[in-house]
**Student:** 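Please find one structure pasted underneath; my questions will follow.
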2 protein chains.
Amino acid sequence: MAVTLADVAARARVSAATVSRVLSGNYPVAEATRARVLAAVDELDYVINGPASALAAATSDLVGVLVNDVADPFFGIMASAVQSELGSEKLAVVCNTGGSPERELTYLTLLLRQRAAAVVITGSAVETPEYAAASAAKVGRLAANGTRVVLLGRPASAAPEGSAFAVEFGNREGGRRLTEHLVSLGHRRIGYVAGPADRTTTRHRLEGHRAALAAHGLGGDADAFGRLTVHGPYTRQSGYDGALELLDREPGLTAVVGSNDAVALGICAALREKGLDIPGDVSVAGFDDLPFSADATPALTTVRLPLQEAAARAERLALGREESPAGGRHLVLAEVVARASTAAPRAERQGAGTAPGRARGGGTTCGQLCTGSALRGIFDSVKGKHAPGGGVP
Amino acid sequence: MAVTLADVAARARVSAATVSRVLSGNYPVAEATRARVLAAVDELDYVINGPASALAAATSDLVGVLVNDVADPFFGIMASAVQSELGSEKLAVVCNTGGSPERELTYLTLLLRQRAAAVVITGSAVETPEYAAASAAKVGRLAANGTRVVLLGRPASAAPEGSAFAVEFGNREGGRRLTEHLVSLGHRRIGYVAGPADRTTTRHRLEGHRAALAAHGLGGDADAFGRLTVHGPYTRQSGYDGALELLDREPGLTAVVGSNDAVALGICAALREKGLDIPGDVSVAGFDDLPFSADATPALTTVRLPLQEAAARAERLALGREESPAGGRHLVLAEVVARASTAAPRAERQGAGTAPGRARGGGTTCGQLCTGSALRGIFDSVKGKHAPGGGVP
DNA sequence: TTGTATGCGTTATCAT
DNA sequence: ATGATAACGCATACAA
């Protein structure tokens with residue numbers, strides 16, 4: 001990369017300053033010289049030096065995106081959506097934190113070092129005080145430095161007042177509605193395989209669940225509630241193990257909710273292994289409505305979170321392309337998608353019909369496997385461009 | 001970010017050069033001054049200026065990863081694996097090209113501009129001459145610039161001789177083995193829903209398929225072969241449409257192969273809609289062995305590609321942490337994973353047993369839905385840490 | 001072992 | 001509208 005601005009200037013018989021002006025385009029330049037410069041750039045195959053430019057201008061075209069793991073569709077979809085909102089001038093730096101607070105802090109520092117133009121932090125926050133303080137401090141630092149920070153799926157409280165925008169997910173509402181759906185179908189003993197205990201997302205979803213139970217007088221005391229709740233990571237394995245544990249504690253369960261679609265799939269596997277029919281013997285529901293959920297057998301009842309839209313909005317906020325409402329907080333609504341994995345419990349089977357509390361959204365709760373056009377209909381409306389494996393290898 | 005090297009130097013009562021040496025750590029410094037400098041850094045909360053550092057040193061700690069779409073697990077898994085091989089000093093820049101050659105070139109230029117330390121280009125190459133030339137030129141340019149380039153899942157021929165390493169996928173072999181598996185089960189009329197025609201991956205998988213047919217005298221002439229082959233994107237929708245088209249052309253099909261797991265799932269949906277049993281009436285197989293494949297009903301027979309290992313190796317090559325064999329080419333072997341979606345065709349049902357040509361790998365071809373422990377066994381061995389939705393939202 | 005001086009390639013501030 | 005020139009913050013060859 002020997003060719004520099006000076007080379008181009010020499011070839012176009014102008015000063016380096018003029019070349020710079022032509023390239024950045026934010027300054028009036030005579031059309032004739034402009035053409036000469038562009039020609040020289042083309043002939044010399046000149047490529048601007050990013051670091052030098054960033055140093056002189058004190059800005060960079062890097063946008064950081066923090067995710068737990070891009071291989072997880074929940075985050076992959078958001079990362080992808082952020083990208084698609086990025087112009088072709090900006091570069092997205094995707095960082096896998098693995099859910100570890102330390103790595104998140106490390107990456108934040110790295111991004112600080114790069115003088116990133118913006119940072120989008122996705123996923124739930126860890127609620128331990130030390131971490132919360134450290135994380136908030138880093139965000140404040142970033143903001144003070146001119147980097148725009150947007151929290152995506154994380155409460156605004158995770159950053160110092162006014163230092164970041166937040167696009168929050170309606171986890172509590174979604175959790176409440178999902179459990180209301182089950183209660184309205186007639187379920188009374190509902191197990192819950194929750195996420196790690198110290199995560200905001202886990203807490204909010206669980207709070208919604210409990211609120212729905214309480215509203216129908218099913219909450220019980222803390223002990224009773226605890227008996228029907230187990231914690232674990234947001235993995236399929238956790239769902240599998242959790243379901244077995246719950247079945248052991250309470251054989252009379254008629255429904256089990258997973259903190260996640262992956263967890264729900266694990267629950268399904270465990271139930272099938274026990275010889276239980278879904279939803280004949282036990283109903284199962286998840287959360288997030290990831291693409292593969294509609295494909296499972298039976299198709300999974302879950303809570304849809306418009307991840308792409310949310311991520312796109314977060315990115316627009318990060319780029320300053322969208323105005324933020326007062327307080328800088330946005331709420332993304334969650335919506336129950338009722339599919340084939342939930343139905344009325346055996347005892348109340350007859351006359352269930354279209355139970356109240358059922359959400360719209362192309363869902364269906366046919367007792368058995370949904371085949372054919374019904375399933376496809378759901379699938380298409382749900383997935384948009386994000387079919388699993390939908391790209392070109 | 002007012003605090004600079006000079007500030008730290010002043011506080012530690014040393015020169016800026018010494019501070020620089022302490023921070024980069026590649027130069028002897030007295031322990032006492034070293035401690036003083038570190039203390040000053042800490043007290044001032046100093047963060048090095050990345051662009052300035054990159055400019056002065058003519059290197060950067062950015063590593064580019066080009067993918068079609070991170071939301072697609074095929075790419076998400078590779079992007080994630082690349083990340084995990086990255087030390088905490090380097091930053092991965094993930095770029096979604098959407099499979100578009102133009103965007104790929106744009107991103108390559110952007111990375112050139114950033115003076116990226118390395119670039120990993122994943123996915124198949126487009127085989128049109130103009131694009132191939134332009135892409136190869138950019139790669140050559142990158143290499144000349146000191147950026148290490150690694151092709152992952154793309155033939156070495158896509159880059160100028162000696163300018164890049166290549167970790168190639170055994171698409172041809174995998175395609176051949178998969179079709180051999182079907183032939184050995186007794187299938188004679190096998191449909192194929194291929195990817196876009198101008199992609200290397202598409203061509204290689206299809207060539208393997210055809211080679212297997214030819215080896216058993218089933219290839220037929222080009223016309224006959226063409227009748228059983230349709231092209232489309234690597235999406236579920238494509239599989240759905242393609243299967244209907246093939247069924248229309250040749251109702252006597254006993255098996256359909258998808259270019260992809262997502263395509264295969266689409267094929268399954270179409271067949272079910274037609275009232276056909278899988279694998280009772282028609283067998284279905286995919287490619288890649290993505291996590292959700294083991295979860296489908298019936299569990300999908302597919303070709304496993306060790307994406308994580310391949311991506312990790314690519315990254316090590318990019319970082320210069322692993323020696324490359326002569327020629328700079330690595331081949332990643334593909335392996336058939338036989339599951340429940342393939343079985344002997346009806347006419348030959350009896351005595352199928354364990355057909356020859358069946359690959360190992362925890363697979364199974366029970367005629368009906370695999371439930372319980374068998375399914376879980378496959379699942380666990382296949383997925384490792386990459387369960388769908390396996391992270392912490 | 002440490003300090004000094006220079007250069008990296010742009011952008012931005014003055015002039016003209 | 002264009003040119004000269006001074007930052008920008010750090011790394012490194014060279015001195016000491």
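Letters A, B, ... are given to chains in the order of the sequence lines, protein chains preceding strands, and every chain is numbered from 1. Hydrogens, waters and symmetry mates are skipped; everything else that's a heavy atom, side chains included, is used.
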**Student:** How does protein contact run along nucleotides 10-16 of chain C, one letter per nucleotide 5' to 3', with B for base contact, S for sugar-phosphate only, - for none, heavy atoms under 4.0 Å?
**Tutor:** BBBB---

**Student:** What is the distance, to the nearest angstrom, from the CZ atom on Arg36(A) to the C1' atom on dA1(D)?
**Tutor:** 12 Å

**Student:** Examine the side chains of Thr147(B) and Asn145(B) and answer whether a donor and an acceptor come within less than 3.5 Å of each other.
**Tutor:** no

**Student:** Would Gln114(B) and Asp61(A) count as having a side-chain donor-acceptor pair, cut-off 3.5 Å?
**Tutor:** yes

**Student:** Does either side chain, that of Thr106(B) or that of Thr109(B), offer a donor lying less than 3.5 Å from an acceptor on the other one?
**Tutor:** no

**Student:** Considering just the side-chain nitrogens and oxygens of Ser15(A), establish if one lies under 4.0 Å of OP1 or OP2 belonging to dT2(D).
**Tutor:** no

**Student:** Checking Ser80(A) against Asp69(B): is there a side-chain donor and acceptor pair closer than 3.5 Å?
**Tutor:** yes

**Student:** Report yes if a side-chain nitrogen or oxygen of Thr33(A) is closer than 4.0 Å to either non-bridging phosphate oxygen (OP1 or OP2) of dT2(D); otherwise report no.
**Tutor:** yes

**Student:** Hey, is the main chain of Ala81(B) close enough, under 3.5 Å, to the side chain of Ser84(B) for a donor-acceptor pair?
**Tutor:** yes

**Student:** Could you state the atom-to-atom distance from CG of Leu55(B) to P of dC8(C) in whole Å?
**Tutor:** 9 Å

**Student:** Sub-3.5 Å donor-acceptor pair from the side chain of Arg115(B) to the main-chain atoms of Leu112(B), do we have one?
**Tutor:** yes

